[in-house]
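Let me begin by presenting the structure, written as structure tokens, before commenting on it.
Numbering of residues begins at 1 and proceeds along the displayed sequence.
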Amino acid sequence: MSSSDENAYWNAFYAGQHPDLEKPSSFAQLCRDRLEPGALLFELGCGNGRDALYFADQGLRVVACDRSAVAIQKLTDRPDLVRFQHRPRFVAADFAELARAYDHTHEPLDAVYSRFTLHAVPVEIQTAALAWSALHLREGGKLLIEVRSVKGSLYGKGEPAERDAFIHDGHYRRFLRVEELSAEVTGLGLEIVETTESDGVAVYKDDDPVVIRLTARKPAR
């Protein structure tokens with residue numbers, strides 16, 4: 001499935017209304033307790049902004065990107081953004097364009113947050129996004145990831161695309177292995193703080209996926 005096809009899928013998805021995706025995810029609420037007030041957070045793939053807006057409402061400074069220009073335009077046009085202490089910034093960019101979204105001249109990040117986004121890109125794009133994250137985190141900064149596991153019930157459904165990846169329900173979905181993700185993160189010089197792998201924590205309608213939750217920290221040099 002081409003990148004343009006994926007963009008078209010997500011633009012069509014976010015052009016619609018999704019009242020069931022307005023509240024912050026349980027992962028965002030869990031991560032909030034791990035972040036200091038005023039922390040600078042970059043979200044990799046914000047979708048309709050449910051978590052980005054939650055973090056901003058909690059007093060964090062938020063920069064968020066998404067591949068869907070439709071989603072970003074809807075977020076940017078929201079009249080209620082003025083209510084935040086720190087107005088969130090939304091950028092239309094996919095994971096191959098992160099250097100354009102947030103480059104070396106910007107302040108180091110206190111956190112990089114990715115929920116249900118790394119499994120939506122090929123493995124080489126994941127690798128580039130994780131390397132970018134490790135580079136831009138400040139010492140003590142945190143990498144916060146929630147992603148689908150190979151142990152989930154949707155694994156294997158659809159047309160095979162690459163290892164552990166399938167085209168299903170009209171879009172690309174890849175499933176991760178906790179030991180491989182952990183090894184990649186530590187290989188970038190980050191310290192694993194916590195990993196879990198379970199179902200029951202990211203239920204959406206009739207889908208109760210097994211997800212990997214990983215928190216890592218950039219150590220002092």
Exercise. Relative to each other, are the rings of F175 and Y155 parallel, tilted or perpendicular (30° and 60° limits)?
Worked result: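 The rings of F175 and Y155 stand perpendicular, inter-plane angle above 60°.
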Problem set entry | Aromatic ring pairing F13/Y9, orientation class (parallel under 30°, perpendicular over 60°, tilted between) |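 Rings of F13 and Y9: parallel, as their planes differ by under 30°.
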Problem set entry | Q29: partners by side chain to side chain donor-acceptor pair (under 3.5 Å), with sequence neighbours left out |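 Scan of Q29 (side chain to side chain donor-acceptor pair (under 3.5 Å), adjacent residues dropped) gives none.
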Does any non-hydrogen side-chain atom of [Y] lie less than 4.5 Å from one of [X]?
X: D57; Y: R83; result: yes
X: F42; Y: C65; result: yes
X: E6; Y: D94; result: no
X: V210; Y: V150; result: no
X: V123; Y: R174; result: yes

Quick one: list whatever passes side chain to side chain contact (heavy atoms under 4.5 Å, CB included) with [X], sequence neighbours left out.
X: T186; result: I192
X: D206; result: none
X: Q58; result: R32, Y54, L60
X: P219; result: E191, R217

Problem set entry | Residue from H119, E146, R115 passing side chain to side chain contact (heavy atoms under 4.5 Å, CB included) with V211 | E146
For this session: With sequence neighbours excluded, give me every side-chain hydrogen bond (donor to acceptor under 3.5 Å, both in side chains) pair touching residues 35-49.
Result: none
For this session: Could you tell me if the ring centre of Y113 sits under 6.0 Å from that of F55?
Result: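 For Y113 and F55, the ring centres are under 6.0 Å apart.
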Exercise. Would you call D199 and K151 a salt bridge, using N to O less than 4.0 angstrom?
Worked result: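 Looking at K151 together with D199, the answer is no, because their closest N to O distance does not fall below 4.0 Å.
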